[in-house]
**Student:** 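Let me begin by handing over the structure; questions about it come next.
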There are 2 protein chains.
Amino acid sequence: MNAATRSPQPPLTRSVEDYLKSVFHLTSQGGFATTSDIAEMLEVAPPSVSGMMKRLSETGLIEHVPYRGVQLTPQGRRAALQMIRRHRILESYLTSKLGYDWGDVHVEAEQLEHAVSEKLIERMADALGEPRYDPHGAPIPTAAGEIEEAELVTLADIAVGSSVVLREVGDENTERLHYLAEQGLIPGVQLTVIDRQPFNGPTIVRLGDGTTRVVGQELALLLFCRPVDGE
Amino acid sequence: MNAATRSPQPPLTRSVEDYLKSVFHLTSQGGFATTSDIAEMLEVAPPSVSGMMKRLSETGLIEHVPYRGVQLTPQGRRAALQMIRRHRILESYLTSKLGYDWGDVHVEAEQLEHAVSEKLIERMADALGEPRYDPHGAPIPTAAGEIEEAELVTLADIAVGSSVVLREVGDENTERLHYLAEQGLIPGVQLTVIDRQPFNGPTIVRLGDGTTRVVGQELALLLFCRPVDGE
DNA sequence: TTTGAGATTTAGGCTAGCCTAATGCCCTGT
DNA sequence: ACAGGGCATTAGGCTAGCCTAAATCTCAAA
């Protein structure tokens, strides 16, 4: 009997929870999460990642292919989704019930997600009416560990002339989020791409109210859209 | 320049926060907190406490008199009161806003108090209307670090025939708290001591509604009362 | 096919915080 | 006055998680 099949599991540490989340995000498009990508995301040195990957594969949370990278096992994925649910419910609660600005919730949720009980998260979810999306438009995994996989395209990829709905802002930076909110670029808003400058230049969009915005390439890559008609 | 005067302070660890809280509680009647009392309260071995006391006195949070015990410095007291404010605001919020039972809040708050920001605590306090007491009747320190020092007497010390108001339940045990709530023994209730059995036997009290309760010595020591007339 | 840049892993070391075992101090009771 | 019990401290060791430096692997380009 190896470590992966031993039971019951000890509770995960804060550090392990963070590694699992990183691997989840880095593998969301399929493939492997590399050591250096994880290191960069968590702001640790690459050897720290190698060491942790060793421990996590011994406990059966990830699959490690040496020199290639890692993927989550079903068990690791479950744990990661639980953390993401916690994070997004917390962000939603802080925004709806405690007057937090959507730019400030990420940092606070990042700390709280390691300390809250399942019970507390479910009470918050209940108080909010079981929200399906967080304040940035990201889907909230269910308590059962299912997450919506939507096909979203970044604003930078939308053809000139197309109309789309902004569904998700894939950013965590407080200042950028404040700026986007000022500009009215928040989930749910309808956009028409009326022009785009060449050489990865900015995209010019018209909002529902007829006003226009100039969105730089870097920001446009963080704005995920869906066709205006689809569900 | 020694460590105590160096600035700025690094953030306190979870462990340090717990030690400071313990010392605060153990010295609330004055005097020193002993190594073994702290060890028992935190469920660690006495040498772990000695080691931590060494570190904490180097950072100027406590005053350590070898073989005697420790006391908080003004700086340590400030940090301890901040943790107690966090804990009690959290307990109040969970009870008022998320439907927690007063027996269950302690465990949850114990985890959260290390993860919440000042900002979040103040938003919760604001949402609650700046409460002065937690669900168990314990006074909540102000954001400025002041705490009410009330002269309370345990029910076991109240003379037969006296009427008192139950002000605080000094317990954290879930089951005992559930039991007390069932019995109607919650802060604010008025009690008249109508009898007491000899040899540290139970106290018999009459509640406002005329019903009576038999309160064992052990529980009576946890029920803090004030005279019925005073503010 | 070989080579070398870049990524990864291994080696070795550090700190915080915990432990047990051994030692030292204090103080009371004889 | 001092012996001994009980508490506190020191000594020494462990793990998790981080680090830097050194060794190793991979793969693309020459």
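Remember, it's a predicted structure, so these values are computed and weren't measured experimentally. To find a chain, count down the sequence lines: A is the first, B the second, and so on, and within it residues start at 1.
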**Student:** State which residue, out of L12(A), I84(A), L81(A), fulfils the side-chain contact (heavy atoms from CB on, under 4.5 Å) condition with L20(A).
**Tutor:** L12(A)
**Student:** Answer yes or no: does a side-chain N or O of T35(A) lie under 4.0 Å from OP1 or OP2 of dT9(C)?
**Tutor:**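 The answer is yes; a side-chain N or O of T35(A) sits under 4.0 Å from OP1 or OP2.
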**Student:** Whole Å only: how far is the CG atom of D18(A) from the C1' atom of dA16(D)?
**Tutor:**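 Going from CG in D18(A) over to C1' in dA16(D) covers 14 Å.
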**Student:** Measuring to OP1 and OP2 of dC18(D), would you say a side-chain N or O of Y19(A) lies under 4.0 angstrom away?
**Tutor:**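 Looking at the OP1 and OP2 atoms of dC18(D), one of them is under 4.0 Å from a side-chain N or O of Y19(A).
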**Student:** Rounded off to whole Å, could you give me the NZ-to-P distance for the K54(A) and dT10(C) pair?
**Tutor:** 7 Å
**Student:** Round to the nearest Å and state the distance from Y67(A) atom OH to dG6(C) atom C1'.
**Tutor:**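 Those two atoms, OH and C1', are 13 Å apart.
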**Student:** Does a side-chain N or O of T13(B) approach OP1 or OP2 of dG17(C) to a distance below 4.0 Å, or not?
**Tutor:**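 Answer yes for this pair, as a side-chain N or O of T13(B) is under 4.0 Å from OP1 or OP2.
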**Student:** Considering the options L222(A), L223(A), L166(A), V215(A), which one meets the side-chain contact (heavy atoms from CB on, under 4.5 Å) requirement together with L180(A)?
**Tutor:** L223(A)
**Student:** Report yes if at least one side-chain N or O of S50(B) is closer than 4.0 Å to OP1 or OP2 of dT10(D); otherwise report no.
**Tutor:**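 False: S50(B) side-chain N/O out of range (4.0 Å or more) of dT10(D) OP1/OP2.
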**Student:** How long is the line joining CG of L56(A) and C1' of dT9(C), in whole Å?
**Tutor:** 16 Å
**Student:** Between P on dT8(C) and CE on M52(A), what's the gap in Å once rounded to a whole number?
**Tutor:** 17 Å
**Student:** Counting only side-chain nitrogens and oxygens, does S48(B) get under 4.0 Å of the OP1 or OP2 atom of dG17(C)?
**Tutor:** no
**Student:** Taking the nucleotide of DNA chain D with the closest heavy atom to each, which residue, R68(A) or P47(A), is nearer the 5' end?
**Tutor:** P47(A)
**Student:** Look at S36(B) and dG6(D) and indicate whether a side-chain polar atom (N or O) is within less than 4.0 Å of OP1 or OP2.
**Tutor:** no
**Student:** Using distance alone, with no hydrogens and no angle criterion, decide if E63(B) and T73(B) have a side-chain donor and acceptor under 3.5 Å apart.
**Tutor:**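 Side-chain D/A pair, E63(B) to T73(B): absent.
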**Student:** If each of T34(B) and A45(A) is mapped to the nucleotide of DNA chain D with the nearest heavy atom, which maps nearer the 5' terminus, i.e. the 5' end?
**Tutor:**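 Taking each residue's closest nucleotide, the earlier one in sequence belongs to T34(B).
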**Student:** Whole angstroms only, please: what is the CG-P distance between L42(A) and dC18(D)?
**Tutor:**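 Roughly 8 Å, once rounded to whole Å.
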**Student:** Can we say E118(A) and R86(A) salt-bridge, meaning some charged N sits less than 4.0 Å from an Asp/Glu carboxylate O?
**Tutor:**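 Answer for the salt bridge query: yes.
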**Student:** Check this one for me: any side-chain N or O of R55(B) less than 4.0 Å away from OP1 or OP2 of dA16(C)?
**Tutor:** no
**Student:** Measure from the side-chain heavy atoms of V44(A) and tell me the nearest of dC26(C), dC18(D), dG17(D).
**Tutor:**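 So the side chain of V44(A) is nearest to dC18(D).
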**Student:** Can a cation-pi geometry be assigned to R167(A) and Y133(A), taking NZ or CZ under 6.0 Å from the six-membered ring centre and within 45° of the ring axis?
**Tutor:** yes
**Student:** Measure the distance from CZ on F32(A) to P on dA7(C) and round it to the nearest whole Å.
**Tutor:** 18 Å
**Student:** Whole angstroms only, please: what is the CG-P distance between D37(A) and dG6(C)?
**Tutor:**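 About 16 Å, once rounded to whole Å.
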**Student:** With a 4.0 Å cutoff (strictly under), does any side-chain N or O of H64(B) reach OP1 or OP2 of dA8(D)?
**Tutor:**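 No, outside the criterion.
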